[in-house]
Enquirer: 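Before I ask anything, let me first share the structure, which is written out below as structure tokens.
Labels below follow one simple rule: chain letters A, B, ... track the order of the sequence lines, proteins then strands, and each chain is numbered from 1. Here the structure is a predicted model, which means the values were calculated and not measured.
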Protein chains: 2
Amino acid sequence: MQKDTKKEDNQESRYILSSVDNALSIMNLFFDYEELSTAEIAKLIGVSRSTAFRFMVTLENRGFVSKTEYGKYRLGLNLFSLGMLAYNRMELVSMVHPYLSKMAEESGETCHLSILDDGIHVMFIDRALGSSCLRMDTAPGYRQFAHCTATGKAILAFQSDQVVNQYLKKTTFKPRTPNSIKDAQELLQVIDQIKLDGYACDNEEAERGLTCFAKPLLDSSGHAYAAISISGPTTRMSTDKEIHLQHLTDTIESINSLSF
Amino acid sequence: MQKDTKKEDNQESRYILSSVDNALSIMNLFFDYEELSTAEIAKLIGVSRSTAFRFMVTLENRGFVSKTEYGKYRLGLNLFSLGMLAYNRMELVSMVHPYLSKMAEESGETCHLSILDDGIHVMFIDRALGSSCLRMDTAPGYRQFAHCTATGKAILAFQSDQVVNQYLKKTTFKPRTPNSIKDAQELLQVIDQIKLDGYACDNEEAERGLTCFAKPLLDSSGHAYAAISISGPTTRMSTDKEIHLQHLTDTIESINSLSF
DNA sequence: TATACTGTTTAATATAATAAAACAGTATGT
DNA sequence: ACATACTGTTTTATTATATTAAACAGTATA
């Protein structure tokens, strides 16, 4: 799926075309900024304003960025079209499903695959049910505020600060259980912890008695494009926590070895 | 929204960086091909195999393309991440909604905004209800096979052959009404007609008595990223067809003048 | 009014993109 | 089994082009 290609220590880097690479890293800047001016881009990637200007003319001409009425640049429509195409073609659900089923079978608990579908909600796009009578049973296509779910928090923790800030602006923190995250500050603390731990928990924050663990699926730039989770009754989940975390790690490793 | 920037007759083209532009057009090749080899890319954009090789190393290093186990290239995960980001940030629904409401008010009929959400289904992501008692009334988030809806056909008609072929492979043509499209051949004929007309019809193909007209929203490369439609009872719709088509044209013009 | 920013344009220079050629590997068909 | 025709990869040489600096005009700020 992703080849864990870092920027510097890559032995293939002698073939990288620097101007093209700069153009690609300009697009990646928009993970951290919603709008950027030519001068800001020039500073951020370390080129003169005149070359930054030429980069932006080139990118805008193909619709990869677009200019706002104030002369700033944003991500463009063509990028959205290509992204949807990439999503449709990678067939995330069908490729991940076998591993999700395997994880549900081995862990005995219900497993989910989620994406952030509109900036504030996570959507469960696939699931594999657990083997117990008492198990989590969601409807396919179920949507939920990201901060109420383990997968949502796992995705948010591995997004840029800019995306998180957008989330905080748009979301209302209506508590669903006594354990629900109450405000922006608490969410930011939780996100910091997830970054350290590498996994996210839902300790009865969406529904009493329900505990979930989740880990993110990361692209080559380190951003989460989806997350997988294991969910079940709190008593069982707390006992088997370490086992479940290992299941998540193993499954992600299998998924990453796929070639999308 | 999109600036209708053609490739050649652009007076800004003296600033375009050719190597970056080639890299962007390589990504756009994937609208027409799901997988491409280095040699194929070299032929298609008109460079030597050695430079095409360098382009692909550069693109793969940033996750914009990924290599399959057979050594061919596909669109990469980073492109999906950026596309989702672009989609979330452009806030399609909130930007288009005022125009959709205006169109519903002026036409008196229910209007929809749709995207192709997984390659085979269209999803109605926004609607504005008509003023009549007898009106189309869908649930938000309603999904339907693309070939059964006007918006779905409008989007398919302005996608690459490759996307259409994928659609034909994955879809089952179960007729929903006597007018439903019966097979792949019929759909291809309809698509050709839509390309000529610039709009798509649903003549009681999803539900008896219901007629819809739709037009696509196009990005700078000419691909549909969404579509808008007007829906209502066949008797009214057939009478007011030309008026509704004009409403669609006017609305799209307004949307295109927005800067996403 | 002066300062410090912009985005745009031009021209000069040095860098880096390009293609050609050669190599090794694979698949094809004879 | 052989020959042909493809691959992807690597190196090298040359040319083209990406880059910068400098200058200009416009805007906002103090």
Side-chain angles (χ1 to χ4, degrees), chain A residues 3 5 7-30 33-62 64-76 259, chain B residues 3 5 7-30 33-62 64-76 259:
Chain A
K3 295 290 182 306
T5 42
K7 279 114 212 170
E8 307 303 341
D9 57 346
N10 191 343
Q11 69 279 19
E12 311 288 359
S13 59
R14 59 198 160 120
Y15 293 127
I16 287 177
L17 305 177
S18 56
S19 62
V20 174
D21 195 55
N22 273 333
L24 301 183
S25 62
I26 286 175
M27 289 192 258
N28 277 341
L29 285 181
F30 289 91
Y33 303 91
E34 187 157 355
E35 295 189 347
L36 284 168
S37 67
T38 306
E40 290 168 335
I41 292 162
K43 271 179 204 154
L44 283 165
I45 63 163
V47 296
S48 63
R49 277 185 297 134
S50 32
T51 56
F53 173 69
R54 288 173 125 95
F55 274 121
M56 300 322 286
V57 168
T58 308
L59 288 167
E60 192 193 7
N61 183 254
R62 292 275 181 190
F64 283 72
V65 300
S66 67
K67 223 174 187 172
T68 70
E69 48 184 329
Y70 308 109
K72 293 217 168 190
Y73 291 99
R74 322 177 101 243
L75 293 175
S259 59
Chain B
K3 295 287 182 306
T5 42
K7 279 115 213 171
E8 307 301 343
D9 56 346
N10 191 344
Q11 69 277 22
E12 311 288 0
S13 59
R14 59 199 160 119
Y15 293 126
I16 287 176
L17 304 176
S18 55
S19 62
V20 174
D21 195 55
N22 272 334
L24 301 182
S25 62
I26 285 175
M27 289 192 258
N28 277 341
L29 286 180
F30 289 91
Y33 303 91
E34 187 159 352
E35 295 189 347
L36 285 168
S37 66
T38 306
E40 290 167 335
I41 291 162
K43 272 181 204 153
L44 284 165
I45 62 163
V47 296
S48 64
R49 276 185 297 135
S50 30
T51 59
F53 173 70
R54 288 173 124 95
F55 274 120
M56 301 322 286
V57 167
T58 308
L59 288 168
E60 192 194 5
N61 184 254
R62 292 274 181 191
F64 283 72
V65 300
S66 67
K67 222 174 187 172
T68 69
E69 50 185 327
Y70 307 111
K72 293 218 168 189
Y73 290 99
R74 324 177 100 242
L75 292 175
S259 59

Enquirer: For the residue pair B:Thr38 and B:Arg49, what are the closest heavy atoms and their distance?
Expert: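 So the minimum-distance heavy-atom pair works out to CG2-O, 3.8 Å.
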
Enquirer: Hey, is the side chain of B:Ser19 poking within less than 4.0 Å of OP1 or OP2 on D:dA18, counting only N and O atoms?
Expert: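 Indeed, a polar side-chain atom of B:Ser19 lies that close.
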
Enquirer: Given atom CG of B:Leu17 and atom C1' of D:dA16, what is their separation to the nearest angstrom?
Expert: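 B:Leu17 atom CG is separated from D:dA16 atom C1' by 13 Å.
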
Enquirer: Can you tell me the distance, in whole Å, between the CG atom of A:Asn22 and the P atom of D:dT17?
Expert: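 Nearest whole value for this atom pair: 18 Å.
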
Enquirer: Measure the shortest side-chain to side-chain distance between B:Phe53 and B:Val47 over non-hydrogen atoms and say whether it is less than 4.5 angstrom.
Expert: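 Counting from C-beta outward, B:Phe53 and B:Val47 never come under 4.5 Å.
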
Enquirer: With respect to the phosphate group of C:dT8, does any side-chain polar atom (N or O) of A:Ser50 fall under 4.0 Å of OP1 or OP2?
Expert: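 Negative; the distance criterion is not met.
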
Enquirer: Looking only at side-chain atoms of B:Lys67, point me to the closest of C:dA19, D:dT9, C:dT18.
Expert: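 My answer, after comparing the listed nucleotides, is D:dT9.
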
Enquirer: Which sits closer to the 5' end of DNA chain C, A:Gly71 or A:Ser18, going by the nucleotide each is nearest to?
Expert: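 Here A:Gly71 is the residue nearer the 5' end.
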
Enquirer: Taking 4.0 Å as the cut-off, does a side-chain nitrogen or oxygen of B:Tyr15 come that near to OP1 or OP2 on C:dT8?
Expert: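 Checking C:dT8 against B:Tyr15, no side-chain N or O comes under 4.0 Å of OP1 or OP2.
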
Enquirer: With a cut-off of less than 4.0 Å, is there a side-chain N or O of B:Arg14 near OP1 or OP2 of C:dT10?
Expert: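 Yes, within the criterion.
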
Enquirer: If each of A:Glu40 and A:Val20 is mapped to the nucleotide of DNA chain C with the nearest heavy atom, which maps nearer the 5' terminus, i.e. the 5' end?
Expert: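 On the 5' side of the pair lies A:Glu40.
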
Enquirer: Within the 4.0 Å heavy-atom criterion, would you say A:Tyr70 contacts the bases, only the backbone, or no part of the nucleic acid?
Expert: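 Touches nothing.
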
Enquirer: What's the closest nucleotide to the B:Phe53 side chain, out of D:dT10, D:dT7, C:dA17?
Expert: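 Shortest atom-to-atom distance from the side chain points to D:dT10.
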
Enquirer: Shortest non-hydrogen contact from B:Ala42 to B:Ala52?
Expert: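 The pair with the smallest heavy-atom distance is CB-CB, 3.7 Å.
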
Enquirer: Please report the distance, rounded to the nearest Å, between CZ in A:Arg54 and P in C:dT8.
Expert: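 Those two atoms, CZ and P, are 12 Å apart.
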
Enquirer: Please tell me which of A:Ser48 and B:Ser37 maps to the more 5' nucleotide of DNA chain D, matching each residue to the nucleotide holding its nearest heavy atom.
Expert: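 Looking at the nearest nucleotide for each, B:Ser37 comes out on the 5' side.
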
Enquirer: Heavy-atom distance under 4.5 Å between the side chains of A:Val20 and B:Arg62, does that happen here?
Expert: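 Not in contact.
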
Enquirer: Is there a side-chain contact between B:Phe55 and B:Ile41 in this structure, where contact means two heavy atoms from C-beta onward sitting under 4.5 Å apart?
Expert: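 When only atoms from C-beta onward are counted, B:Ile41 and B:Phe55 do not touch, as no gap falls below 4.5 Å.
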
Enquirer: Using whole Å, what does the distance between atom P of nucleotide C:dG7 and atom CD of A:Glu35 come to?
Expert: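 Rounding to the nearest Å, CD of A:Glu35 and P of C:dG7 are 13 Å apart.
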
Enquirer: Under 4.0 Å from OP1 or OP2 of D:dT20: is there any side-chain N or O of A:Thr51 that close?
Expert: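 The answer is yes; a side-chain N or O of A:Thr51 sits under 4.0 Å from OP1 or OP2.
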
Enquirer: Would you confirm whether B:Thr58, through its side chain, and A:Leu17, through its main-chain N or O, come within 3.5 Å as a donor-acceptor pair?
Expert: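 Yes: the side chain of B:Thr58 pairs with the backbone of A:Leu17.
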
Enquirer: Taking only N and O in the side chain of A:Thr38, is any of them less than 4.0 Å away from OP1 or OP2 of C:dT6?
Expert: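 Result: no.
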
Enquirer: Counting only side-chain N and O atoms of A:Lys43, is one of them less than 4.0 Å from OP1 or OP2 of C:dT6?
Expert: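 For A:Lys43, the contact criterion (side-chain N or O under 4.0 Å from OP1 or OP2 of C:dT6) is met.
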
Enquirer: How long is the line joining CE of A:Met56 and C1' of C:dG7, in whole Å?
Expert: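 Interatomic distance, CE of A:Met56 to C1' of C:dG7: 13 Å.
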
Enquirer: Using atom NZ of B:Lys72 as one end and atom P of D:dT9 as the other, report the distance to the nearest whole Å.
Expert: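 Distance, rounded to whole Å: 14 Å.
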
Enquirer: What is the distance, to the nearest angstrom, from the CZ atom on B:Phe55 to the P atom on C:dA19?
Expert: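 Taking atom P of C:dA19 as the reference, CZ of B:Phe55 is at 9 Å.
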
Enquirer: Starting from C1' on D:dT19, measure out to CD1 on A:Ile26 and report it in whole angstrom.
Expert: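 For the pair A:Ile26 CD1 and D:dT19 C1', the rounded distance is 13 Å.
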
